[in-house]
Amino acid sequence: MSLSKIALQLDRLGMTASTLCAIHCALVPVFLTALPLAGLQFLANEWIEIAMIIVSVILGTLSLSISYRKQHKKVLPFFILFAGFALIGIGHFAGIESLEPVLIPMGGFTVAAAHLMNWRFNRVCKHVHK
């Protein structure tokens, strides 16, 4: 598989993971009391959320880096990606509990938007930079 195809697959995975993360973060507070009844209380564990953030940072940075170096040479997806992670970080670690249910899903969707933009740039740019 070529490097550009790997980058496209990573972006698809990143968009899916970021969207699922945003949905998870938006719905867990709503269904928090029902999670133990369904045997899904582990979804509310802070370490699960931190692990998801770390995996998303690694996946996003890797995917956008490959695309930047080998395909489109545009930095805008990086700014959007890191803005999304900033929203997630502020929402998760700032201690402002009233904003957490808003900032974290917004951050997840912003990260997904960065992957979508990167994916579109890759599809438009048909040549590979050396």
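Both Phe82 and Val57 are assigned to one and the same hydrophobic cluster, defined by single-linkage of ILVMFWY side chains at heavy-atom distances under 4.5 Å. Taking hydrophobic clusters as Ile, Leu, Val, Met, Phe, Trp and Tyr residues chained together by side-chain heavy-atom distances below 4.5 Å, Tyr68 shares a cluster with Phe85. Side-chain heavy atoms closer than 4.5 Å link hydrophobic residues (I, L, V, M, F, W, Y) into clusters, and following such links, possibly through other members, connects Leu103 to Ile96. Under a hydrophobic-cluster definition in which Ile, Leu, Val, Met, Phe, Trp and Tyr are linked whenever side-chain heavy atoms come within less than 4.5 Å, directly or via other members, Ile53 and Val55 are assigned to different clusters.
In this structure, Phe79 places its CZ atom where only 12 or fewer heavy-atom neighbours from other residues, nucleotides or ligands lie under 6.0 Å away.
Checked against side-chain contact (heavy atoms from CB on, under 4.5 Å), Ser65 has the following partners two or more places apart in sequence or in another chain: Thr61, Phe78. With sequence neighbours excluded, no residue satisfies side-chain contact (heavy atoms from CB on, under 4.5 Å) with Ala86. Applying the side-chain contact (heavy atoms from CB on, under 4.5 Å) rule to Val102 yields the partners Met106; only residues at least two apart in sequence or on another chain are considered. For Ile58, the side-chain contact (heavy atoms from CB on, under 4.5 Å) partners two or more places apart in sequence, or in a different chain, are Ile54.
Residue pairs satisfying the side-chain hydrogen bond (donor to acceptor under 3.5 Å, both in side chains) criterion with at least one member in residues 101-115, sequence neighbours excluded, are listed as follows: Asp11-His115. For residues 75-87, no residue pair satisfies the side-chain hydrogen bond (donor to acceptor under 3.5 Å, both in side chains) rule, not counting sequence neighbours.
Taken from CG in Leu76 to CG in Leu64, the straight-line distance is 10.0 Å, to the nearest 0.5 Å. Rounded to the nearest 0.5 Å, atoms CZ (Arg120) and NZ (Lys74) are 13.0 Å apart. Atom OG of Ser63 is separated from atom CG of Leu81 by 9.0 Å, given to the nearest 0.5 angstrom.
Closest approach of Pro77 and Ala114 over heavy atoms only: O-CB, 3.5 Å. Between Asn118 and Ser67, the shortest heavy-atom distance links the atoms ND2-OG, 2.9 Å.
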